[in-house]
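First up is the structure itself, then whatever we jot down about it.
Bear in mind the structure is a predicted one, so any value in this text is a computation, not a measurement. Note that the numbering runs from 1 along the sequence shown for the chain.
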Amino acid sequence: MDARGGAGAAIIAARPVVVAALAARFRDLDLAEDGFADASELALRQFSDDPLPANMAAWLHVAARRRIIDRLRRDARLAKLVASQSASEAFVAAEPELLPGEPIPDERLRLIFICCHPAIAPDARAALTLRVVCGVPTERIAAAFLMAVPAMYQRLTRAKAKIREAQVPFETPEPHLWGERMAAVLATLEIGYALAYQDAGSSEPTADLGPEVLRLARMLAELVPGDPEVLGLAALVQLAESRRGARVDETGCMVPLSEQDAARWDAPLIASAARLMDRAAALGRSGPYQIMAAIHLTHARRRDEGSTDWQAIVRLYDVLLVMRPGAVVAINRALALGRLAGAESALAALDALDAAALATYRPWHAARAHLQAATGDFGAAQASYRAALALNPPWAERLYLEARLAGTSA
């Protein structure tokens with residue numbers, strides 16, 4: 001979808017409430033997504049020059065519903081749908097509204113909980129939610145999960161089929177059922193924010209997800225104040241979002257965390273995150289989100305202290321590797337180790353990883369390039385920078401990698 005001007009922004013903002021309403025009405029995520037896509041294309045044509053409707057979500061909901069009903073008529077499926085729902089339920093044109101007494105007072109967060117139903121395979125819940133709720137392209141989701149695109153398409157297809165087969169209700173779960181969905185909800189917010197962070201300064205639809213994930217994480221912390229990992233995730237997002245103003249330079253080029261101007265970081269957000277972490281610590285149950293937040297808070301202290309405690313960061317990564325073993329954590333730990341013990345030690349840590357499995361993982365090549373350049377092996381660094389650039393980095397990161405590649409040739 002080409003997000004042109006104000007219409008595009010309004011459509012993106014309306015997506016969660018419209019898709020949620022369509023999914024609840026027709027009990028089919030594919031129909032909901034297709035109907036929303038059709039209505040969005042119509043809106044982009046109709047409002048490219050004309051004023052936007054007063055309520056874009058309501059306009060899209062009605063337009064999408066009409067497209068879906070037309071499709072059902074063509075597919076001879078409408079009779080079955082009408083048999084299961086009253087005529088007033090199927091055809092009323094009222095705009096979607098939050099039902100009185102709903103325990104989750106937000107359409108996007110409600111749909112996230114619905115897509116994280118325990119009937120869906122655990123490894124598919126976050127991916128499905130990112131696709132349906134946030135509209136993240138499948139290719140981006142596959143890259144985030146270190147998966148081939150066809151495999152991710154299959155995973156999403158199976159998840160949607162399971163929702164139909166298990167007749168998963170498209171309604172907000174009762175609060176006592178939130179716990180079994182919480183890990184997937186937190187993973188969705190984490191990955192959604194990571195994508196927004198990568199796309200900072202670009203025109204990608206995910207580039208504007210950061211403030212929205214921040215809002216949802218704060219809301220979740222208010223709804224579930226006794227879960228330390230919920231508080232840890234909310235603190236993690238606040239700490240990352242505190243650096244929004246410093247993560248790209250005036251040319252749109254990415255600025256690595258260690259090179260950012262700490263004076264530009266948002267002190268109130270950092271302080272708010274520290275308070276959340278204190279509340280989480282008081283609950284006495286540690287988890288990976290709290291450790292990740294502690295790593296970011298250690299970085300944030302550079303704003304006031306003027307230096308970074310790399311030894312503390314490496315120790316925290318050691319703990320995180322036990323809690324959440326994997327390539328992403330190992331690569332970040334290696335980069336921190338390079339700051340503490342030198343590039344050679346960091347390269348040795350990277351060499352211990354499965355290079356074949358990471359051949360299409362861009363951060364792996366970018367990390368190797370940085371460390372190889374630090375050791376003076378500029379030929380190897382150039383090859384690694386080119387490998388990273390060949391893996392379609394976001395615009396801000398591309399500018400950074402190209403500048404570093406040019407620097408190794410000087």
Any donor-acceptor pair under 3.5 Å from Arg398 side chain to Cys253 backbone = no
Arg125 versus Ala184, closest heavy-atom pair with distance = CB-CB, 3.6 Å
Heavy-atom closest pair, residues Ala381 and Ala373 = CB-N, 3.7 Å
Just checking, any donor-acceptor pair under 3.5 angstrom between side chains of Thr308 and Arg339?
-> no
If we only count heavy atoms from C-beta on, is the Glu241 to Leu269 side-chain gap below 4.5 Å?
-> yes
Is there a side-chain contact between Phe36 and His61, using heavy atoms and a 4.5 Å cut-off?
-> no
Distance (rounded to the nearest 0.5 Å) between Leu156 CG and Ile141 CD1 = 5.5 Å
Check against side chain to side chain contact (heavy atoms under 4.5 Å, CB included), Ile163 and Leu29 | CA-CA 8 Å; Ile163 286 177; Leu29 289 177; 3.2 Å; yes
Shortest non-hydrogen pair, Ala57 vs Val18, comes out as O-CG2, 3.4 Å
For His365 and Arg386, indicate whether the former's side chain and the latter's backbone hold a donor-acceptor pair under 3.5 Å.
-> no
Electrostatic pair Arg215-Glu212, nearest N-O below 4.0 angstrom = yes
Passing option when Asp34 is tested against Arg65, Lys160, Arg67, Arg71 for salt bridge (charged side-chain N to carboxylate O under 4.0 Å, His left out) = Arg71
Which heavy atom of Ala246 sits nearest a heavy atom of Asp261, and at what distance?
-> CB-O, 4.0 Å
Heavy-atom check, side chain of Leu337 versus side chain of Tyr317, under 4.5 Å = no
Under 3.5 Å, is there a donor-acceptor pair between the side chain of Gln382 and the main chain of Thr408?
-> yes
Trp178 side chain reached by Leu223 side chain, heavy atoms, under 4.5 Å = yes
Ala64 and Leu22 have their tightest heavy-atom pair at CB-CD1, 3.5 Å
Any donor-acceptor pair under 3.5 Å linking the side chain of Gln372 with the backbone of Ser384?
-> no
Dump the intermediate steps for side chain to side chain contact (heavy atoms under 4.5 Å, CB included) on Val230 and Met182, then the final yes or no.
-> CA-CA 8 Å; Val230 170; Met182 193 59 72; 3.8 Å; yes
Answer yes or no: is there a side-chain heavy-atom contact under 4.5 Å between Leu42 and Leu60?
-> no
At their closest point, which heavy atom of Arg324 faces which heavy atom of Pro288, and how far apart are they?
-> NE-CB, 4.4 Å
Would you mind checking if Glu33 and Arg15 are paired as a salt bridge, meaning a charged N to carboxylate O distance below 4.0 Å?
-> yes
What distance do Leu31 atom CG and Arg164 atom CZ have between them, rounded to the nearest 0.5 Å?
-> 8.5 Å
Rounded to the nearest 0.5 Å, what separation is found between the CG atom of Leu236 and the NE2 atom of His296?
-> 5.0 Å
Residues which pass side-chain hydrogen bond (donor to acceptor under 3.5 Å, both in side chains) with Arg131, listed by chain and number, not counting sequence neighbours = none
In terms of side-chain heavy atoms, does Glu139 have a donor or acceptor partner in Tyr153 at a distance below 3.5 Å?
-> yes
With Arg368 as the cation and Tyr385 as the aromatic partner, state whether NZ or CZ is under 6.0 Å from the six-membered ring centre and within 45° of the axis.
-> no
Pairs of donor and acceptor atoms involving the side chains of residues 270-279, under 3.5 Å and at least two apart or interchain, shall be tabulated with distances.
unit_1, atom_1, unit_2, atom_2, d
Ser272, OG, Gln238, OE1, 2.8

With distance as the sole test, does Arg181 use its side chain to make a donor-acceptor pair with the main-chain N or O of Phe113 at under 3.5 Å?
-> yes
About how many Å separate CD1 of Ile112 and CG of Leu216, when rounded to the nearest 0.5 Å?
-> 5.5 Å
Start with the C-alpha gap between Leu320 and Tyr289, add the side-chain angles, then the distance that decides, and say whether side chain to side chain contact (heavy atoms under 4.5 Å, CB included) holds.
-> CA-CA 9 Å; Leu320 187 58; Tyr289 287 113; over 6 Å; no
Any donor and acceptor pair, going by atom type alone, linking the side chain of Gln290 with main-chain N or O of Arg285 inside 3.5 Å?
-> yes
Compute the ring centroids of Trp310 and His299, then answer whether they are less than 6.0 Å apart.
-> yes
Going by atom types only, do Thr375 and Asp377 share a side-chain donor-acceptor pair under 3.5 Å?
-> no
Within the side chain of Arg303, is there an N or O that forms a donor-acceptor pair under 3.5 Å with the backbone of Trp265?
-> yes
Between Arg140 and Leu195, is any pair of side-chain heavy atoms under 4.5 Å apart?
-> yes
4.5 Å side-chain heavy-atom contact, Leu111 and Val19 = yes
Does some side-chain heavy atom of Thr188 sit less than 4.5 Å from a side-chain heavy atom of Leu128?
-> no
Evaluation steps, salt bridge (charged side-chain N to carboxylate O under 4.0 Å, His left out), between Arg301 and Asp309 | CA-CA 9 Å; Arg301 291 195 178 105; Asp309 188 345; over 6 Å; no
Apply the test side chain to side chain contact (heavy atoms under 4.5 Å, CB included) to residues Phe26 and Leu72: give CA-CA distance (whole Å), side-chain angles for both, the deciding distance (0.1 Å), then the verdict.
-> CA-CA 10 Å; Phe26 295 101; Leu72 290 172; 4.0 Å; yes
Salt-bridge test for Arg333 and Asp318: reply yes if a basic N is under 4.0 Å from a carboxylate O, no otherwise.
-> yes
Could you point out which residue of Arg264, Arg404, Arg243 forms a salt bridge (charged side-chain N to carboxylate O under 4.0 Å, His left out) with Glu259?
-> Arg404
With rounding to the nearest 0.5 Å, note down the distance linking OG1 in Thr298 to CD1 in Ile313.
-> 5.5 Å
Atom pair CG/CD1 of Leu321 and Ile291 - distance to nearest 0.5 Å = 11.5 Å
